[in-house]
**Student:** 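Dropping a structure here in structure tokens format, bear with me for questions.
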Protein chains: 2
Amino acid sequence: MNQEWAAPSKSQHAYLWLKERIAGEELTPGYRLVLASIADELDMSVVPVREAIRRLEAEGLVTFERNVGARVSMIDDTGYRHSMESLAILEGAATALAARHLTADDLRHARELNRRLVESLDDFDPRLFTSVNHAFHSVLFAACQNTRLLALVEAEWVRLGHLRDSTFSFVPGRAQESVREHEVLLDLIETGAPLPDIERAARGHRSATLAAYLSHEHPDGLPAAL
Amino acid sequence: MNQEWAAPSKSQHAYLWLKERIAGEELTPGYRLVLASIADELDMSVVPVREAIRRLEAEGLVTFERNVGARVSMIDDTGYRHSMESLAILEGAATALAARHLTADDLRHARELNRRLVESLDDFDPRLFTSVNHAFHSVLFAACQNTRLLALVEAEWVRLGHLRDSTFSFVPGRAQESVREHEVLLDLIETGAPLPDIERAARGHRSATLAAYLSHEHPDGLPAAL
DNA sequence: GTGGTACGGATCGTATATTATCCCTGGAAG
DNA sequence: CTTCCAGGGATAATATACGATCCGTACCAC
């Protein structure tokens with residue numbers, strides 16, 4: 001009597017549940033993750049919860065201290081900068097590798113998303129903007145054939161997603177600039193520009209967002225090279 | 001009465017033990033990892049072993065199938081190619097970011113390692129070559145200030161390390177070319193070449209190794225773009 | 001008042017036990 | 001000869017139980 005509706009393992013369930021809460025900011029950085037409480041809440045024993053947390057730890061979303069417990073990863077400016085820089089590199093490459101595989105439909109979809117970004121500039125909601133922004137970039141790099149690279153990009157987005165809600169909350173002015181750069185990027189792809197140009201544009205786009213944040217928070221800091 | 005000798009958790013111990021075995025090819029790809037056997041061998045219960053395996057899973061070293069068990073990740077050509085391509089991108093960027101931070105000592109050390117690579121070309125041992133090769137590149141990118149990027153690079157090396165012993169076993173001719181490219185790369189760094197040039201050289205170096213492998217295994221395959 | 005120490009609650013770490021699932025093998029039906 | 005089904009062994013998944021460790025607090029000595 002096979003239950004067709006598939007039984008997701010409890011471990012998996014706990015993993016997804018936690019990840020969701022972390023991404024959704026219900027569990028903010030520094031939040032203490034107590035095994036027993038979570039197990040209780042999810043109506044399971046602590047064993048699956050432990051495994052879920054181990055996986056999250058390996059992904060860098062939570063930090064663990066022996067005999068003390070887990071907490072949602074704290075993010076300092078350095079970590080944020082490093083992650084953004086890494087994402088710039090990964091996403092830039094993925095976008096370039098995907099460029100030649102984008103269909104006309106994909107590009108239409110991307111332009112539509114960017115149009116929504118433009119519209120949202122009035123009555124600005126950083127949360128919404130970030131979400132649509134992610135969708136926009138996802139369209140552009142999802143066609144990348146290199147699944148490993150894709151996984152790395154997605155992992156970095158998740159990492160950042162829970163660390164800072166949105167750079168755009170901090171530097172509202174960056175949003176306008178951002179959507180313009182999106183158009184440039186789309187044009188490059190559509191006209192079949194050389195891949196290195198596309199990569200440079202995509203990387204530069206994210207680096208610029210990072211730079212905007214850094215110069216806003218630390219006006220006297222040095223800009224990142226490369 | 002604090003025991004100074006530190007008590008590494010069993011979970012940690014199992015994790016390191018397995019990782020070691022996998023890296024050392026004692027556990028080859030496809031090898032079945034049975035919880036009870038491992039627990040027995042390490043003189044512990046299955047719980048810590050499960051956690052260790054979960055961590056390895058998150059790192060991509062083992063694959064897991066629900067209710068079936070874990071096995072050391074199989075690597076197909078596609079996976080290998082994707083991983084190498086990703087490494088090319090990551091390592092290229094890390095090397096460029098590290099370039100300005102390398103000391104004269106670092107460069108001396110790197111040249112010394114490359115000298116050893118040259119020497120080893122007679123009486124060629126792919127295993128040794130790969131190992132020293134890793135050391136060489138480690139020196140070049142270790143000075144990268146972006147710890148996140150560094151972690152990604154190292155993770156990818158580990159991934160590849162256990163998947164294929166060495167590309168150089170398959171394409172011996174590549175080794176000579178490789179050490180020459182090392183010299184070029186070192187010269188670029190030493191003369192303070194523009195970072196994009198350094199990045200391109202470092203990325204191209206690894207891409208070339210991948211290409212050599214691919215064209216050797218699949219002479220009719222298409223070369224990777226970018 | 002300050003420092004240290006001892007106790008206790010909270011929480012983690014691991015072992016053991018129980019249940020669920022898969023896969024293989026063998027036999028019977030067609 | 002092939003196909004299907006049943007049963008059993010192997011193994012994973014989870015629950016429960018117990019011991020170990022940490023950390024905060026209160027008490028005592030000085």
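Just so it is clear: chains get the letters A, B, ... in the order the sequence lines come, proteins before strands, and each one is counted from 1.
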**Student:** Taking the side chain as every heavy atom from C-beta outward, state whether Met74(A) and Thr63(A) have any atom pair closer than 4.5 Å.
**Tutor:**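 They are not in side-chain contact.
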**Student:** How long is the span from the CD1 atom in Ile22(A) to the CH2 atom in Trp17(A), to the nearest 0.5 Å?
**Tutor:**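 If we round to the nearest 0.5 Å, Ile22(A):CD1 and Trp17(A):CH2 are 9.5 Å apart.
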**Student:** Please produce a list of atom pairs where a protein N or O lies less than 3.5 Å from an N or O of nucleotides 10-12 of chain C.
**Tutor:**
from	atom 1	to	atom 2	distance (Å)
dC12(C)	OP1	Leu33(A)	O	3.4
dC12(C)	OP1	Leu35(A)	N	3.4
dC12(C)	OP2	Leu35(A)	N	3.3
dC12(C)	O3'	Asn67(A)	N	3.4

**Student:** Could you tell me how far apart Asp40(B) (CG) and dT11(D) (P) are, to the nearest whole angstrom?
**Tutor:**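 Atom-to-atom, Asp40(B) to dT11(D), this comes out as 12 Å.
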**Student:** Would the distance check show the side chain of Ser73(B) and the main-chain N or O of Gly60(B) forming a donor-acceptor pair, the cut-off being under 3.5 Å?
**Tutor:**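 Yes, Ser73(B) side chain to Gly60(B) backbone: donor-acceptor pair under 3.5 Å.
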**Student:** Donor-acceptor pair, distance only, cut-off 3.5 Å: does the side chain of Ser131(A) make one with the backbone of Arg127(A)?
**Tutor:**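 Pair absent, no side-chain N/O of Ser131(A) close to backbone of Arg127(A).
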**Student:** Kindly determine whether Arg206(B) and Glu85(B) satisfy salt bridge (charged side-chain N to carboxylate O under 4.0 Å, His left out), including the steps that lead there.
**Tutor:** CA-CA 8 Å; Arg206(B) 188 146 313 283; Glu85(B) 215 171 74; over 6 Å; no
**Student:** Can you find a side-chain donor-acceptor pair between Trp157(B) and Glu91(B) that sits under 3.5 Å?
**Tutor:**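 Yes, side-chain donor-acceptor contact under 3.5 Å.
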**Student:** State whether the side chain of Asp106(A) and the backbone N or O of Thr103(A) hold a donor-acceptor pair below 3.5 Å, judged by distance alone.
**Tutor:**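 Answer holds: yes.
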**Student:** Can you name the atoms? Protein N/O to nucleotides 15-19 of chain C N/O, anything below 3.5 Å, with the distance.
**Tutor:**
from	atom 1	to	atom 2	distance (Å)
dA15(C)	OP1	Lys10(B)	NZ	3.0
dA15(C)	OP2	Ser45(B)	N	2.5
dA15(C)	OP2	Ser45(B)	OG	2.8

**Student:** Classify the ring geometry between His182(A) and Phe136(A) as parallel (under 30°), tilted (30 to 60°) or perpendicular (over 60°).
**Tutor:**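 Because their plane-to-plane angle is under 30°, the rings of His182(A) and Phe136(A) count as parallel.
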